[in-house]
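Indexing begins at 1, ligand by ligand and atom by atom, following the structure's order.
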Amino acid sequence: MRAHADFDQLLQTIVDDLAPERGAGELADYIEPLRRVDPLSFGMALCTVEGELYCAGDATQRFSIQSVSKVLSLTLAMQHGRHDLWRRVGREPSGNRFNSLVQLEHERGIPRNPFINAGALVVTDVILEMLSDAKATLLDLVRGVAGAADIEFDREVARAEHETGHTNRAMAWFMKSFGNLQGDPEAVLDAYFHHCALSMSCVELARAGVYLANGGCTPEGMCMLSPAQTKQVNSLMLTCGAYDAVGEFAFRVGLPAKSGVGGGILAILPGRFSVAVWSPGLDRAGNSVLGTMALEQLSSRTGWSIF
Ligand SMILES: NC(=O)CC[C@H](N)C(=O)O
């Protein structure tokens, strides 16, 4: 591993080298607030397990973290130790789009994994069984791990998710019909839409995710998960974190990661660091085009990967 002093330079070089690619991919267009984002935005931040932070580009600008929140909600569900969690949600890649309904019928309402929408809805239901306010508790968790007390849900994004979330709504009610949602599907959806609407910067996301590189604990010693649970979350990120393009993503980047349709990706090198990238242009699977390129550059220039 190179000297830490080189990290800022390394990230800056990646951001500079990829400048001609800014604007690549398509913005998520299913809600208005995501259609409005500047397509040229591009930021990157890396947080080491010692808590040192390095960044380049638009690393302090907040964006909608969308499905990256699925890692945080899974953490919350695992923290509260529900033994039936893994009976209600699987641990296999889906091979289908993140909001696909097709497998759910064949597989009796049990989603393939916690990082597709159906799986995150079950995770949210599990959280709601234990905690009356799943929104406030997740917000507290995120503020704590990110070290930023002013992180908020973007109310406009949450409202737009609510207004347009017909497929998610169908999924929740469908799983209810199989008995795999305990609570009121509308309450589950409301919490889920808010989790998707968390607004964070690359710096905040890298800080928030570094416990996954550090055996479950933040550099300040706040423990979110046990080392065994941390291994499980990282494994799921590797196999299920980039939707139906997860094989291609792992082939190129070689790090556990979770992406979101806001263009953010959080990736982990266990024992070393977390890295967050953001660029809103997406590929067909819904992963950030430039974000994936930046992570590929990071791993290929340095040899840093889990392999
Ligand atoms: N893949 C994503 O980031 C999807 C999140 C989006 N809010 C949805 O529920 O469909």
Side-chain angles (χ1 to χ4, degrees), residues 25-37 62-74 89 93-104 111-125 127 134-135 138 142 153-175 181 185-200 205 209 236-237 239-246 248-249 257-267 276-289 291-292:
E26 301 290 326
L27 295 189
D29 63 358
Y30 69 101
I31 50 173
E32 210 272 324
L34 293 184
R35 282 199 293 272
R36 268 200 256 119
V37 175
R62 286 184 171 160
F63 58 93
S64 185
I65 72 163
Q66 291 292 331
S67 278
V68 184
S69 68
K70 293 177 170 67
V71 173
L72 302 162
S73 53
L74 178 63
V89 61
S94 72
N96 280 307
R97 203 161 167 73
F98 58 81
N99 58 1
S100 169
L101 276 154
V102 291
Q103 259 162 2
L104 272 183
R112 276 286 174 101
N113 68 66
F115 294 154
I116 50 175
N117 291 11
L121 287 164
V122 171
V123 166
T124 307
D125 184 55
I127 296 171
K135 290 184 270 187
L138 190 79
V142 171
F153 298 120
D154 182 326
R155 305 273 159 204
E156 197 190 351
V157 172
R159 196 175 330 109
E161 297 281 349
H162 175 85
E163 282 163 7
T164 62
H166 311 304
T167 307
N168 287 322
R169 194 161 282 112
M171 235 174 255
W173 284 96
F174 198 43
M175 289 191 291
L181 277 201
E186 291 303 328
V188 173
L189 286 158
D190 179 56
Y192 169 81
F193 290 143
H194 278 81
H195 296 170
C196 288
L198 274 167
S199 181
M200 294 170 75
L205 201 53
L236 287 165
M237 289 169 79
T239 55
C240 310
Y243 316 123
D244 45 332
V246 72
E248 174 70 11
F249 186 93
K258 182 72 201 87
S259 62
V261 294
I265 307 177
L266 171 67
V277 289
W278 170 55
S279 173
L282 307 177
D283 64 18
R284 284 160 57 103
N287 298 311
S288 169
V289 172
T292 308

Exercise for the section: Could you tell me whether Y30 and ligand 1 have an N or O pair separated by under 3.5 Å? Expected result: yes

Practice task
Note the single closest protein heavy atom to atom 3 (O) of ligand 1, along with its residue, its atom name and the distance in Å.
Solution key: S67 OG, 2.7 Å

Practice task
Inspect the contact between E26 and R284 and indicate whether a charged nitrogen and a carboxylate oxygen are less than 4.0 angstrom apart.
Solution key: no

Problem - Polar atom proximity, N168 to ligand 1 (N or O, under 3.5 Å) - result: yes

Practice task
Provide the number and element of each atom of ligand 1 under 4.0 Å from a heavy atom of Q66.
Solution key: 3 (O), 5 (C), 6 (C), 7 (N)

Practice task
Just jot down the ligand 1 atoms closer than 4.0 angstrom to any heavy atom of V261, in number order.
Solution key: 1 (N), 2 (C), 3 (O), 4 (C)

Handout entry: Sub-4.0 Å atoms of ligand 1 with respect to non-hydrogen atoms of Y243
Key = 1 (N), 2 (C), 3 (O)

Problem - Between CG on residue L205 and NZ on residue K258, distance to nearest 0.5 Å - result: 11.5 Å

Problem - Numbered atoms and elements of ligand 1 in range of G260, under 4.0 angstrom, heavy atoms - result: 3 (O)

Fill in the blank from the handout: Counting from 1 in the order shown, the ligand 1 atoms closer than 4.0 Å to a non-hydrogen atom of E161 are 6 (C), 7 (N)

Problem - Polar contact flag for N99 and ligand 1 (N/O pairs, less than 3.5 Å) - result: no

Handout entry: F98 N/O under 3.5 Å from ligand 1 N/O
Key = no

